[in-house]
Every structure is written in C-alpha cells, then in structure tokens.
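One structure below.
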There are 2 protein chains.
Amino acid sequence: MPDNDGMTAARPTTPTTPSTPATPSTPADRPPLGLRERKKIKTREAIRAATYALVEEQGYDATTIEQIADRAEVSPSTVFRYFPTKEDIVLTDEYDPILLEELRARPADEPWPDSIRHVMREAVRTGIEEDLAVAKLRTHLMVQVPAVRSRMMESMSVTGRMLCTAIGERTGRDPNSLEVRVYAMSLIGGLMETSLYWAENDHQDDFANLVDRTLTTIQHGLPKETS
Amino acid sequence: MPDNDGMTAARPTTPTTPSTPATPSTPADRPPLGLRERKKIKTREAIRAATYALVEEQGYDATTIEQIADRAEVSPSTVFRYFPTKEDIVLTDEYDPILLEELRARPADEPWPDSIRHVMREAVRTGIEEDLAVAKLRTHLMVQVPAVRSRMMESMSVTGRMLCTAIGERTGRDPNSLEVRVYAMSLIGGLMETSLYWAENDHQDDFANLVDRTLTTIQHGLPKETS
DNA sequence: CATGAAATGAGAGTAGCTGTCAAAATCTAG
DNA sequence: CTAGATTTTGACAGCTACTCTCATTTCATG
C-alpha cells in the first residue's frame with residue numbers, strides 16, 4: 001500500500017502561545033513575553049479580524065487570501081504561515097483543552113453521564129460566552145459553507161479522540177476500544193448537530209438548553225413523543 | 001448577511017441513471033437504454049476504475065486529475081463533468097436509497113431500536129458485499145487522507161438528514177426536531193467511527209459484528225467493563 | 001554594536017476546479 | 001440515408017488555494 005502521503009497538516013491544538021488570556025489590552029503586563037511573541041499574536045489576530053470582517057461583507061468564497069492579506073497588512077505567504085488552510089482562519093478551536101481540563105476536574109465518584117453533562121455544558125458555555133458574535137458567525141458559516149462544515153467535522157473528530165483518552169482515564173477503560181470510540185463520536189456527532197440546529201434557527205434558542213436536551217436524548221434514546 | 005455563495009455541488013444522490021443494477025456484464029439485455037446512456041455509464045466506470053488503480057499505485061494525493069483522465073482515455077474536463085470533486089470519484093455512496101427502502105420495509109409494529117439494528121446491518125451488508133475490495137480501499141483512504149474523510153463526513157450528514165425523515169415517517173415525530181436530528185447524527189457518528197476502527201485494524205474484524213456492538217453501545221451507553 | 005536566529009515578503013510553481021466555445025458523436029425526422 | 005437538432009466531448013483560458021525557495025528585514029543576545 002504505497003500511500004501515507006496526503007496528510008494536510010496536523011494542527012498542534014495549542015499552536016504557539018501557551019498561556020495567553022484573550023486580552024491583548026495592556027501590552028506590558030507580561031514580562032516573560034518577548035516582542036516577537038507579541039507581534040506574532042497581533043499578526044494572528046489581525047488576520048482573523050480581517051477575515052471575519054471580509055467574510056461578513058462579501059461571504060466566505062468571495063473572500064480571497066489576497067484580500068485577507070491586504071487588509072491584515074501582511075503578505076499572502078504570511079497568512080499561510082499562520083493558518084494551514086483558509087477554513088482554519090475562521091475555526092481554530094480552543095475548546096479541546098478546556099474540555100479536557102474540565103473533565104479531569106470532576107470528582108472521581110461522580111456518575112459518568114453526569115460528568116459528561118457538566119463538562120459539555122461548561123465547555124460550551126465558556127466557548128460561547130467568550131465571544132457570542134464569533135460563535136454565531138462560525139455556526140452560520142458551518143451551515144452555509146460546506147468547506148467550513150467539513151473542516152469543523154474534522155476538528156470534532158480530533159476532539160473525539162481526546163474525549164476517548166479522557167474517558168479512558170476516567171473509567172479505566174481502553175481508550176481505543178470500539179465501545180469507547182463509538183460512545184465518544186456519537187456524543188460529538190450529536191453536539192455537532194446541535195450547533196447546526198442552533199444556527200439554522202437563527203440562534204433563537206438558548207444554546208445551553210439545547211445541549212441539555214441533546215445529552216438527554218443521547219443518554220435515554222428518543223423520548224416517547226414531544227413532536 | 002451577504003453569503004449564500006460557496007455551495008459546492010448538491011449531489012443528486014442518484015446521479016444520472018435511474019435503474020441500473022451493478023452488473024454491466026451483458027450489455028444487450030436492457031433495450032430501453034440508448035447508446036448514449038450506455039456510453040455515459042461506461043465512461044463513469046472507466047474514470048472510477050482508473051482512479052482506484054492509480055490511487056492504489058501511487059497514493060491519493062500523488063494521483064492527479066490529468067493522470068486519471070489519461071488512463072480513462074477522456075479529457076480532464078470530462079472527469080469534472082462526471083464528478084464534482086476528486087474525492088467524489090472514490091466515494092459516491094449508493095447506500096442512502098438502500099437504507100431508506102430497507103427502513104420503510106420493516107413491519108410497523110416492530111420496536112424502533114430493532115428496526116434500526118436490522119436496517120443498519122442490512123444496508124452495511126449489502127454495501128460491503130457488493131465489492132469488498134472497494135469498501136476496504138475506501139475506508140483505508142478515510143483513515144489516510146483527510147480530504148476523503150471530510151468528504152465522507154459530509155456525505156454522512158446527508159445520510160443523517162434522510163434518516164431523520166425516515167424516523168419521522170416511522171414514529172410520527174417531527175423530522176426537524178432537535179431530538180430526532182441528534183438521535184440520527186449520533187447514530188451516524190457512531191457508525192462513522194466504526195468504519196474508521198475497522199480500517200485502522202486492517203479490516204480484521206467482521207464488520208457486521210462491529211456494527212452490532214456499535215448499536216448496542218449507542219443504545220445502552222457504555223457497558224460496565226469490557227476489555 | 002555585532003552576530004545569529006527568526007519572521008517576513010516576493011515570486012514562481014502545482015493542482016483542483018470553473019467556465020467558454022467549437023468540434024464530434026448521437027438521436028430523430030423526413 | 002441524409003439533414004438538422006441535441007448532447008457530449010476536448011481544448012483552452014482563468015481563478016484560487018496552497019507549497020516552496022530565497023533574499024531581506026526584524027528581533028534577541030553577548
């Protein structure tokens with residue numbers, strides 16, 4: 001089988017900066033952060049901001065890398081140096097580490113489904129509240145642009161793998177067993193659909209509530225009848 | 001919101017030929033099929049065959065559309081006329097209609113989880129037995145090539161929508177309700193992972209058996225402790 | 001300030017994919 | 001069987017995401 005080419009970038013999950021809170025406001029309160037690092041962060045955010053703006057103005061496909069580079073005042077090469085693909089510019093999930101951390105913090109004697117419920121709700125809440133507008137735009141793009149949706153699914157499968165190891169740690173089960181992997185991916189699949197549902201209904205519902213209903217459904221199967 | 005561009009092809013699920021069994025063996029047993037139609041089918045299959053062969057020789061990414069066109073003895077334009085994307089050449093699922101039909105054929109009084117189990121197993125069996133080698137190559141590519149995996153996930157989300165309507169018909173529930181959609185997608189997600197698991201373990205397990213375990217896991221949650 | 005390392009920009013090149021247009025093949029009438 | 005309408009095809013041009021290389025600039029450090 002002569003294959004194993006074609007890997008498209010492995011995504012380091014926490015790309016470059018280890019501990020950087022979302023506030024680049026005061027640029028002089030973190031001594032151990034060189035000028036270079038700060039510039040890199042600023043560039044990264046400039047690219048993302050430019051992308052968000054352009055996408056909202058023109059739509060996703062109509063926005064080219066060149067335009068993004070122009071508005072962010074960098075060269076196109078630099079854009080690709082910061083993000084492996086165009087889709088990654090609008091996605092870039094920082095949820096995985098949150099989720100893992102949250103899951104490890106749960107009391108060891110808590111029933112497993114309860115842990116999942118807590119953790120999912122918490123991760124989702126933090127992720128959403130951080131920037132509601134961005135979350136809405138992201139989910140909106142997931143619905144509208146197939147490429148973005150695909151990329152999101154890819155990323156969720158990564159999250160799935162992480163969930164597997166977490167479940168393994170938590171329950172002492174083999175993280176690579178079929179059962180664990182299937183369980184994790186069915187959760188992920190369900191939550192994915194929840195995001196789509198939220199966006200398709202123009203973000204009218206309370207997302208945390210939707211997540212709750214999702215977990216109940218997965219846990220107990222389809223309820224008797226609720227239309 | 002100026003978006004709604006960027007749709008990448010909607011896939012008609014049953015592309016061009018309405019009733020063509022998988023046997024192109026005797027090319028003279030179907031009178032109401034014009035020469036034109038027959039040639040189209042032959043071209044389609046030539047492209048797919050060429051792609052399978054080249055991918056097995058060189059790997060997916062190393063295989064260009066031009067090479068495929070050359071070996072299939074058509075022009076590159078023609079390749080794109082038959083398949084919207086390169087990934088679609090190796091995927092092209094005919095599973096959806098089978099699944100839907102199978103689901104409608106179940107007795108109306110059968111408990112819902114049993115129906116799912118039957119149908120999934122049947123659909124999987126038919127799909128696999130039709131050409132085991134192709135099924136193996138596909139799942140192998142799913143593991144190796146991110147682009148193919150993404151495309152497969154896309155297609156599974158289509159299958160998910162169809163599952164929703166089937167569930168709606170079957171249970172009288174709203175096919176667009178969060179609960180139904182989540183239930184469907186968790187099933188799909190689980191089965192997706194099952195395919196990956198199968199391929200990652202070099203197709204050693206019996207796939208039908210894996211599917212069985214998968215459905216049990218989704219239905220009852222993680223079992224106490226196995227493995 | 002000088003030296004080394006890292007980030008950047010410029011440019012060329014690949015390949016997937018879209019569109020157009022004229023030529024070739026197929027179907028349909030007379 | 002021929003003529004015309006229709007469909008399929010191939011050649012070509014063009015766009016853009018993405019990769020790679022190399023010279024230049026920018027920062028870090030002694």
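Chain A is the first sequence line, chain B the second, and so forth, proteins listed ahead of strands; every chain is numbered from 1. Source: prediction; values computed, not measured. Computation of the quantities below employed the complete heavy-atom set of this structure, encompassing side-chain atoms and omitting hydrogens, waters and symmetry-equivalent molecules.
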OP1 or OP2 of D/dT9 under 4.0 Å from side-chain N/O of B/Y82
yes

How close do [X] and [Y] get, counting heavy atoms only, and between which atoms?
| X | Y | value |
| --- | --- | --- |
| B/S150 | A/E154 | OG-CG, 3.1 Å |
| B/Y197 | A/S177 | CE1-C, 4.1 Å |
| A/L54 | A/T63 | O-OG1, 3.5 Å |

For the side chain of [X], counting heavy atoms from C-beta on, which of [options] is nearest?
| X | options | answer |
| --- | --- | --- |
| A/S77 | C/dA10, C/dG16, D/dG10 | C/dA10 |
| A/S75 | D/dC18, C/dG9, C/dT20 | C/dG9 |
| B/I65 | C/dG9, C/dG16, D/dA17 | C/dG16 |
| A/T64 | C/dG16, D/dA17, C/dG9 | D/dA17 |

Tell me what B/F83 touches on the nucleic acid: a base, only sugar-phosphate, or nothing, going by heavy atoms under 4.0 Å.
nothing

In whole angstroms, how far is the [atom2] atom of [N] from the [atom1] atom of [X]?
| X | N | atom1 | atom2 | answer |
| --- | --- | --- | --- | --- |
| B/K40 | D/dT7 | NZ | C1' | 8 Å |
| B/D61 | D/dC18 | CG | P | 13 Å |
| A/F80 | D/dT21 | CZ | C1' | 16 Å |
| A/Q67 | D/dC15 | CD | P | 14 Å |
| A/R81 | C/dA6 | CZ | C1' | 10 Å |
| A/K86 | D/dT16 | NZ | C1' | 8 Å |
| A/I41 | C/dA7 | CD1 | C1' | 15 Å |
| A/E66 | D/dC18 | CD | C1' | 14 Å |

Mark yes when over 12 heavy atoms from residues, nucleotides or ligands other than A/E101 sit less than 6.0 Å from its CD; otherwise mark no.
no

In the structure I gave you, are the side-chain heavy atoms of B/L137 and B/L141 within less than 4.5 Å of one another anywhere?
yes

For B/R138 and B/L91, indicate whether the former's side chain and the latter's backbone hold a donor-acceptor pair under 3.5 Å.
yes

Just checking, any donor-acceptor pair under 3.5 angstrom between side chains of A/T214 and A/T217?
no

Can you give one letter per nucleotide of nucleotides 23-30 of chain C, 5' to 3': B if a protein heavy atom sits under 4.0 Å from the base, S if only from the sugar-phosphate, - if neither?
--BBS---

